[in-house]
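Positions are given from 1, in the same order as the sequence printed here. Order of appearance sets the numbers: ligands from 1, and atoms from 1 within every ligand.
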Amino acid sequence: MGSFKTLDDIGDVTGKKVLVRVDLNVPMSDGAVADDTRIRAAMPTIRELSDKGAIVLLLAHFGRPKGAKNPTQSLSLVIDGVADVLGHSVMFIPDCIGDGAKAGVAVLAGGDVAVLENTRFHPGEEKNDPAFADALAEVGDLYVNDAFSAAHRAHGSTEGIAHRLPAFAGRAMEAELKALDAALGNPAHPVAAVVGGAKVSTKIDVLQNLVGQVDHLIIGGGMANTFLAARGVDVGKSLCEHDLVETANAIFDAADKAGCTIHLPYDVVVAKEFAPNPPTRTVNVHEVAADEMILDVGPAAVEALADVLKNCRTLVWNGPLGAFETPPFDAATVALAKTAAALTREGSLISVAGGGDTVAALHHAGVADDFTFVSTAGGAFLEWMEGKPLPGVDALKA
Ligand code: ADP
Ligand code: MG
């Protein structure tokens with residue numbers, strides 16, 4: 001994985017100004033924080049530094065103000081939410097650079113926690129402008145990045161600043177990187193990947209990267225239809241990207257060369273309409289009628305996939321196997337997720353999952369807590385699955 005420093009390496013922080021990049025891009029409703037998951041994720045790092053006497057200065061973006069001040073995207077709106085989770089007061093500093101920031105920081109004492117205004121109010125943030133990164137670095141003595149979810153972007157507060165101050169991974173970042181390393185960086189083989197979701201087109205890079213890394217690639221969801229079509233299956237009215245059949249064939253070829261077994265469903269659940277609890281049929285993939293849609297993987301295939309997982313040591317999962325929001329097309333996703341959870345509890349499988357709908361599906365199956373690690377990082381998780389470098393992480397290793 002390449003080595004990075006953590007809070008274990010940070011040394012004495014008493015009275016030091018520590019700039020901590022966190023994810024405070026929380027959903028709001030009626031002017032209040034609607035979901036504090038991201039705030040809670042940053043707490044171990046914030047508490048640890050505060051308890052050790054650091055002046056904790058939180059850096060974050062909020063919304064997309066595109067380089068200009070916008071009161072509706074001020075981080076002052078999340079102060080109460082942060083204070084609620086922390087259990088004591090939090091200061092707000094109305095700028096993240098310059099005299100406005102420095103004056104606010106000057107009145108703080110060791111142990112204090114403050115939120116600095118939205119980094120994206122400055123155009124230099126998203127441009128990763130060296131002058132902006134210099135100005136950020138002037139506000140603190142040390143830098144901690146605890147926002148894996150922003151690490152796929154080379155911005156001033158995620159990348160530039162890490163080259164200007166001693167830089168460390170926070171606890172949430174550390175946990176995420178360790179889990180991802182155990183899943184794809186340096187995994188125990190055999191490794192299985194489940195890739196599902198609606199479309200091949202959104203996950204071509206994921207599939208191409210995975211065939212070179214994993215021993216078993218399980219393809220489900222709408223995107224399996226394109227692979228089935230490439231194999232000559234008539235998928236009827238199913239969601240299918242016929243223009244990507246060549247891409248699917250290239251992925252089959254790459255898998256062959258790399259010794260990766262691709263698993264496609266051989267039975268499927270079909271319906272004539274996409275609505276809750278319509279009449280359905282469970283059929284062999286060669287028996288889909290012209291007016292039917294494939295909406296889930298069938299039970300026989302799920303059983304075979306469970307056997308694949310039983311023989312694997314590592315699982316990485318992105319994308320549901322079926323249209324899981326609409327019953328009964330959640331059945332395959334729920335069943336395979338439960339198998340993965342049970343194997344994880346038994347200690348025979350390391351399971352790492354991510355993706356907005358995937359996380360929702362695992363919660364729906366009631367097994368999110370049983371997986372070894374569930375990433376809520378969204379775009380950064382997907383770029384990691386694509387094998388792309390993550391600038392915010394690489395800067396910590398430099
Ligand atoms: P994630 O957010 O975890 O990365 P995606 O956004 O790629 O996952 O895919 C999730 C979507 O794929 C869900 O909305 C689900 O309904 C849809 N989906 C899965 N299987 C099918 C299918 N057979 N036909 C149509 N849509 C599907
Ligand atoms: Mg999604």
Check your understanding: Are any of the N or O atoms of Thr358 closer than 3.5 Å to those of ligand 1?
Key -> yes
Practice item. Please answer: with hydrophobic residues joined when any side-chain heavy atoms are less than 4.5 Å apart, are Val20 and Leu136 in the same cluster? Key: no
Review point. With a cut-off of 4.0 Å, which atoms of ligand 1 are near a heavy atom of Pro320?
Key: 8 (O), 9 (O), 10 (C)
Check your understanding: Can an N or O of Asp357 be found at a distance shorter than 3.5 Å from an N or O of ligand 1?
Key -> yes
Practice item. Run the numbers for me: atoms of ligand 1, each under 4.0 Å from some heavy atom of Leu239, listed by number. Key: 25 (C)
Review point. Quick one: is the NZ or CZ of Arg231 closer than 6.0 Å to the six-membered ring centre of Phe252, and within 45° of its axis?
Key: yes
Exercise for review: Consider ligand 1: state whether an atom of it lies below 4.0 angstrom from any non-hydrogen atom of Asn318.
Suggested key: yes
**Study point:** Residue, atom name and distance, where the atom is the protein heavy atom closest to atom 21 (C) of ligand 1
**Key:** Gly222 N, 3.2 Å
Practice item. Within a distance under 4.0 Å of any heavy atom of Gly221, pick out the atoms of ligand 1 and give their elements. Key: 19 (C), 20 (N), 21 (C), 23 (N)
Review point. Is the shortest distance from a heavy atom of Lys203 to ligand 1 less than 4.0 Å?
Key: yes
Revision key, fill the gap. Between Thr358 and Ala353 the two heavy atoms that sit nearest each other are CG2-CB, 4.3 Å
Check your understanding: If every non-hydrogen atom of Leu49 is compared with every non-hydrogen atom of Leu7, which pair is closest and at what distance?
Key -> CD2-CD2, 4.2 Å
Point to revise | Taking atom 12 (O) of ligand 1 as the reference point, the nearest protein heavy atom with its distance | key: Ala198 N, 3.0 Å
Review point. Where is the nearest protein heavy atom to atom 19 (C) of ligand 1: which residue, which atom, and how far?
Key: Gly322 O, 3.1 Å
**Study point:** Same cluster (ILVMFWY, side-chain, under 4.5 Å), Leu228 and Val297
**Key:** no
Point to revise | Heavy-atom nearest neighbour of atom 15 (C) of ligand 1 within options Glu325, Met385, Met223 | key: Glu325
Practice item. Using a cut-off of 6.0 Å, state whether more than 12 heavy atoms not belonging to Arg40 lie near its atom CZ. Key: yes
Practice item. Give the C-alpha distance, both sets of side-chain angles, the deciding distance and a yes or no for side-chain contact (heavy atoms from CB on, under 4.5 Å) between Ile46 and Val113. Key: CA-CA 8 Å; Ile46 295 170; Val113 177; 3.9 Å; yes
Exercise for review: Could you tell me the residue and atom name of the protein heavy atom closest to atom 23 (N) of ligand 1, and the distance to it rounded to 0.1 Å?
Suggested key: Ile294 O, 3.1 Å
Practice item. Begin with the C-alpha distance, continue with both residues' side-chain angles, and end with the deciding distance and a verdict on side-chain contact (heavy atoms from CB on, under 4.5 Å) for Cys96 and Leu59. Key: CA-CA 7 Å; Cys96 63; Leu59 288 175; 4.1 Å; yes
Check your understanding: Who's the nearest protein heavy-atom neighbour of atom 9 (O) of ligand 1, and how far?
Key -> Gly197 CA, 3.0 Å
Revision key, fill the gap. Looking at Asp357, the N/O/S atom that lies nearest to the Mg ion (ligand 2) is called OD2
Exercise for review: For Glu325, look at atom CD and say whether over 12 heavy atoms of other residues, nucleotides or ligands are found less than 6.0 Å away.
Suggested key: yes
